[in-house]
Visitor: 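Before we start, here is the structure in question, set down as structure tokens.
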Amino acid sequence: MARRRQVYEGKAKVLFEGPEPGTYIQHFKDDATAFNAQKRGTITGKGVINNRISEYLLLRLQEIGIPTHLVRSLNMREQLVRQVEIIPVEVVVRNVIAGSLATRLGMTEGTPLPRSIVEYYYKSDKLGDPMISEEHITCFGWAEPHELDEIFSMSLRINDFMSGLFAGVGIRLVDFKLEFGRWYHDEDVRVILADEISPDTCRLWDMATDEKLDKDRFRRDLGKVVEGYQEVARRLGVLREAPTAGNGQATAAS
Ligand code: UDP
């Protein structure tokens, strides 16, 4: 097979040129980083699980009318996606106080918020993704006001839908991060959901025990990292037990 041209390598994913113009292949790695890449590691099997979870969630979101970059899954670690111009803003939606919100404002992690909060961060590794306001985004032209309106309303709809979806499998959606991009298509341009949604980008707690089933297991050295991700996948029904493994190991359902 001809060697594919790599377009971009991020911390957890690689983008290759796709088979058709206007597409990329998004490849999920097992690499993990935290604290602006000061902590690095490998979580064996993470890429396979995140590929499946993200595919599942984006497909469900497409069903409720959220436009996404996902075209289709290609194999265990890769999906075909639409080429977009990434808007350099990370959108964080929060339902429960955790992570940087707890640290920055000295609040107790685990306290439910009276209403969901949407925050914006400027995508810059060099600057450590600083928090920004809507004013910065429109002032510096990172997104047009109408684009930001769409991003905001899509983010809240995604939160409503995913909160319900996860609650249905006994998981609390504490917070998560989204990225959006501009898709140039048929002489038109549309803001669509890009990147991934997975335990790397969400905080997911077991509703009964508050056990963390997400990247905080890696960030905070809680152990059993891949087991947390597997549990999320299993509950969403995208992972099945390997019939021959006999040791409780699971594989991504095909
Ligand atoms: N998040 C992410 N990528 C980032 C920063 C945050 O996916 O570069 C996710 C993170 O996993 C969590 C949510 O966004 O689900 C909120 O993260 P927070 O602001 O609390 O930052 P953290 O303390 O996790 O760095």
Side-chain angles (χ1 to χ4, degrees), residues 8-13 26 28-41 43 46-47 49-51 53-54 57-58 61 68-69 86-113 116-133 137 142 151-152 154-156 158-159 161-163 165-167 171-181 193-207 210-222 225-226 228-229 231-232:
Y8 171 81
E9 176 153 19
K11 293 166 211 152
K13 294 189 294 292
Q26 180 168 255
F28 288 77
K29 300 190 286 183
D30 287 346
D31 297 347
T33 62
F35 312 117
N36 203 21
Q38 287 169 44
K39 179 181 170 100
R40 289 169 185 275
I43 303 167
K46 172 175 82 85
I49 299 170
N50 279 357
N51 181 29
I53 293 176
S54 193
L57 293 173
L58 266 58
L61 288 169
T68 86
H69 73 158
I86 283 286
I87 293 170
V89 173
E90 296 193 347
V91 182
V92 168
V93 186
R94 301 180 183 276
N95 301 304
V96 176
I97 295 177
S100 70
L101 177 62
T103 317
R104 240 168 12 89
L105 302 184
M107 292 187 170
T108 310
E109 191 162 83
T111 312
L113 289 161
S116 305
I117 291 177
V118 178
E119 296 173 350
Y120 302 104
Y121 294 85
Y122 180 48
K123 254 175 88 71
S124 165
D125 286 340
K126 198 174 73 183
L127 301 175
D129 296 349
M131 193 184 204
I132 50 175
S133 75
I137 297 171
W142 294 324
I151 289 171
F152 180 78
M154 273 197 263
S155 300
L156 286 182
I158 293 169
N159 183 43
F161 179 78
M162 289 213 308
S163 292
L165 187 128
F166 278 115
I171 292 175
R172 179 169 296 121
L173 180 61
V174 170
D175 57 33
F176 59 95
K177 186 258 310 181
L178 300 172
E179 294 187 28
F180 293 87
L193 180 66
D195 195 50
E196 68 175 291
I197 306 179
S198 73
D200 268 4
T201 63
C202 302
R203 283 198 171 90
L204 302 167
W205 296 356
D206 181 278
M207 277 186 154
D210 276 348
E211 188 188 3
K212 296 175 182 14
L213 303 171
D214 56 64
K215 196 169 153 186
D216 273 347
R217 300 205 68 83
F218 169 76
R219 290 190 191 99
R220 303 180 188 186
D221 295 321
L222 301 177
V225 182
V226 84
Y229 285 55
E231 182 60 23
V232 174

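Every number for a ligand or one of its atoms is a count from 1 in the order of the listing.
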Visitor: Within ligand 1, which atoms have a heavy atom of Tyr121 less than 4.0 Å away?
Guide: 19 (O)

Visitor: Measure from atom 24 (O) of ligand 1 to every heavy atom in Glu196, Lys215, Arg203 and give the option owning the shortest one.
Guide: Arg203

Visitor: Can you find a heavy atom in the side chain of Phe166 that is under 4.5 Å from one in the side chain of Trp205?
Guide: no

Visitor: Could you check whether atom 6 (C) of ligand 1 has a protein contact, counting only heavy atoms that fall below 4.0 angstrom?
Guide: no

Visitor: Gly99 heavy atoms, cut-off 4.0 Å: which ligand 1 atoms fall inside?
Guide: 20 (O), 23 (O)

Visitor: Looking at Thr108 and Thr111, would you say the former's side chain and the latter's main chain have a donor-acceptor pair under 3.5 Å?
Guide: no

Visitor: What's the shortest heavy-atom distance between Gly41 and Phe218, and which atoms?
Guide: N-CZ, 3.8 Å

Visitor: At under 4.0 Å between heavy atoms, which part of Thr201 makes contact with ligand 1: side chain, backbone, both or neither?
Guide: both

Visitor: The test is side-chain contact (heavy atoms from CB on, under 4.5 Å); show your working for Asp200 and Lys46 and say whether it passes.
Guide: CA-CA 9 Å; Asp200 268 4; Lys46 172 175 82 85; 2.6 Å; yes

Visitor: Could you give me the CA-CA distance, side-chain angles and deciding distance for Ile151 and Val91, then say whether side-chain contact (heavy atoms from CB on, under 4.5 Å) is met?
Guide: CA-CA 8 Å; Ile151 289 171; Val91 182; 3.7 Å; yes

Visitor: Supply the atom-to-atom distance Arg217 CZ to Glu211 CD, rounded to the nearest 0.5 angstrom.
Guide: 5.0 Å

Visitor: Hey, which of Lys13, Lys29, Lys11 is the one that makes salt bridge (Lys or Arg N to Asp or Glu O under 4.0 Å) with Glu196?
Guide: Lys13

Visitor: Distance to 0.1 Å, residue and atom name: give those for the protein heavy atom nearest to atom 4 (C) of ligand 1.
Guide: Glu90 OE1, 3.5 Å

Visitor: Salt bridge between Arg203 and Asp214, side-chain N to carboxylate O under 4.0 Å?
Guide: no

Visitor: With atom 11 (O) of ligand 1 as the reference point, say which of Met131, Glu109, Lys11, Arg219 has the nearest heavy atom.
Guide: Arg219

Visitor: Go through ligand 1 atom by atom and flag the ones less than 4.0 Å from a non-hydrogen atom of Asp129.
Guide: 8 (O)

Visitor: Which atom pair, heavy atoms only, marks the closest approach of Gly128 to Asn36?
Guide: CA-ND2, 3.5 Å

Visitor: Give the residue, atom name and distance (to 0.1 Å) of the protein heavy atom nearest atom 20 (O) of ligand 1.
Guide: Ser100 N, 2.8 Å

Visitor: What is the closest protein heavy atom to atom 3 (N) of ligand 1, and at what distance does it sit?
Guide: Lys177 CE, 3.5 Å

Visitor: Below a 4.0 angstrom heavy-atom separation, can you tell me which part of Asp200, side chain or backbone, both or neither, approaches ligand 1?
Guide: backbone

Visitor: Please confirm whether Asp214 approaches ligand 1 to less than 4.0 Å, judged on its heavy atoms.
Guide: no

Visitor: For ligand 1, find out whether one of its N or O atoms is nearer than 3.5 Å to an N or O atom of Arg94.
Guide: yes

Visitor: Output the list of atoms in ligand 1 that are nearer than 4.0 Å to some heavy atom of Val92, sorted by atom number.
Guide: 14 (O), 16 (C)

Visitor: Once you restrict to heavy atoms under 4.0 Å, what part of Phe35 touches ligand 1? Side chain, backbone, both or neither.
Guide: neither

Visitor: Tell me the protein heavy atom at minimum distance from atom 13 (C) of ligand 1, and give that distance in Å.
Guide: Asp175 OD1, 3.4 Å

Visitor: Counting heavy atoms only, which part of Cys202 comes closer than 4.0 Å to ligand 1: side chain, backbone, both or neither?
Guide: backbone

Visitor: Rounded to the nearest 0.5 Å, what's the gap from CG on Leu193 to CD1 on Ile158? Could you check?
Guide: 4.5 Å

Visitor: Show the nearest heavy-atom pair for residues Ala34 and Arg219, with the distance to one decimal.
Guide: CB-CG, 3.7 Å

